[in-house]
Amino acid sequence: MATAAQWIEGARPRTLPNAIAPVVAGTGAAAAIDGAVWWKALLALGVSLALIIGVNFANDYSDGIRGTDDERVGPLRLVGSGLASPAAVRGAAVASLAVGAVLGLILAVLSAPWLLLVGAVCLAGAWFYTGGSKPYGYSGFGEIAVFVFFGLVAVLGTQYVQALRIDWAGVALAVGVGAFSSAVLVANNLRDIPTDSETGKTTLAVKLGDTRTRTVHLVLLVVPFVLTLALVARTPWALAGLLALPLAVRANAPVRANRAGLELIPALRDSGLALLAWSVLSAGALWLGTR
């Protein structure tokens, strides 16, 4: 029987920056066009956190019953380790996704009802990443899904529900957040290439191979800082985003050094920290630029 601490670890707290950062970025983008509504930002944060925890438990369940997690080199998996039953982990996933759905329903009804359709697509994307008979995460589309859902949809959705419009700066933040979020998954899948290859999980990393996957991680970490320079057209304060560059360099260090297995875990952690730092700095810069 899994302990409370093991359930928390199974929720993958290292991924939480991927849920927090887009809401911070979207709220900063909304504030920059005088549209921030803080209670809606909090609702959006609740949706984002519930969805990512639901995704993590759903992945734990689906990978566990397929045997993908039988030989792990990374953090704890509840089903794969035998600490929790598949039914219990599936229940945790459904409960988390249900919380996200309820909060999203409230937010959509109070903002724009057509967002209910977007929410339904997000829920489907969360479950079928590794669930169902043909999970798209097993076909190399995981990074694209993360870019879309935790980048474009999450940032622009957060901006829209508050300001009821989006702008080019919001799009720039959305692309930057999406690139960082995808970099986190690329580092994860780079670590898992040997075990994923053996279990038939054809991630993008498996398709590209070790060397090219390392290049993709670097490119994804560079993209947000290119966008930082573009955002200077909106406000010179945007240069503050460059302060996150040392974290990005540190995140890529194990990847550049050809580390493997557990030695790549710092790349996941630091990619997430760079994501959060860049989002906070860039969102704050846009807000300051309008004061």
Side-chain angles (χ1 to χ4, degrees), residues 1-24 42-70 72-104 119 122-131 135 137 142-143 145-146 149-151 153-154 177 180-189 191-192 195-196 201 203 262 264-276 279:
M1 180 72 75
T3 64
Q6 288 168 332
W7 274 103
I8 291 172
E9 187 177 354
R12 310 183 195 181
R14 288 188 181 90
T15 65
L16 295 186
N18 294 64
I20 298 169
V23 178
V24 170
L42 290 175
L43 273 177
L45 180 60
V47 172
S48 191
L49 287 170
L51 287 182
I52 201 166
I53 291 171
V55 167
N56 290 340
F57 281 134
N59 291 352
D60 192 308
Y61 164 74
S62 298
D63 284 345
I65 63 174
R66 284 188 169 88
T68 308
D69 284 341
D70 287 351
R72 290 283 306 164
V73 295
L76 174 74
R77 294 296 181 261
L78 294 166
V79 175
S81 66
L83 288 169
S85 69
V89 176
R90 182 182 59 202
V94 171
S96 298
L97 293 175
V99 170
V102 170
L103 294 177
C122 290
L123 287 173
W127 185 260
F128 291 109
Y129 172 50
T130 55
E143 285 79 2
V146 166
F149 291 123
F150 286 100
V153 173
V177 169
F180 268 127
S181 293
S182 295
V184 174
L185 184 57
V186 166
N188 180 81
N189 290 342
R191 180 199 65 203
D192 292 343
T195 53
D196 285 344
K201 186 175 182 179
T203 63
L262 291 173
L264 281 169
I265 290 179
L268 278 76
R269 177 198 65 211
D270 293 336
S271 294
L273 291 175
L275 158 66
L276 188 57
S279 300

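- Closest non-hydrogen pair, Ile265 versus Arg191, comes out as CG1-NH1, 4.1 Å.
- Ala126 approaches Val55 most closely through the heavy-atom pair CB-CG2, 3.3 Å.
- Note that OG of Ser271 and CZ of Phe180 are 8.0 Å apart. Values are rounded to the nearest 0.5 Å.
- Between the OH atom of Tyr61 and the OG atom of Ser85 there is a distance of 10.0 Å, given to the nearest 0.5 Å.
- Taking the charged nitrogens against the carboxylate oxygens, Lys201 and Asp192 have no contact shorter than 4.0 Å, which rules out a salt bridge.
- Distance check, rounded to the nearest 0.5 Å: CG of Asp270 to CZ of Arg14 gives 10.5 Å.
- Here the shortest heavy-atom pairing between Gly104 and Val47 reads N-CG2, 3.4 Å.
- Counting heavy atoms from C-beta on, the side chains of Leu97 and Val94 never come closer than 4.5 Å.
- A 4.5 Å side-chain heavy-atom check between Asn59 and Tyr129 finds at least one atom pair inside the cut-off.
- Contact annotation: the side chain of Asp63 never approaches that of Arg77 to less than 4.5 Å [non-hydrogen atoms, C-beta and beyond].
- Taking CD1 of Ile52 as the start and OG1 of Thr15 as the end, the distance is 4.0 Å to the nearest 0.5 Å.
- Taking CG of Asn188 as the start and CG of Leu268 as the end, the distance is 5.0 Å to the nearest 0.5 Å.
- Each of Asn18, Ile20, Leu103, Val23 was checked for a side chain to side chain contact (heavy atoms under 4.5 Å, CB included) with Ser48, and the lone residue meeting it is Val23.
- Using a 4.5 Å heavy-atom cutoff, the side chains of Val89 and Trp7 are in contact.
- Once rounded to the nearest 0.5 Å, the distance linking CG of Asn56 with CZ of Arg12 reads 5.0 Å.
- For the pair Ser279 and Val24, the tightest heavy-atom approach, listed with the atom from each and the gap, is O-CG1, 4.0 Å.
- Smallest separation of non-hydrogen atoms from Leu275 and Ser181: CD2-OG, 3.8 Å.
- What you find for Ala101 and Leu123 is that their closest heavy atoms are CB-CD1, 3.9 Å.
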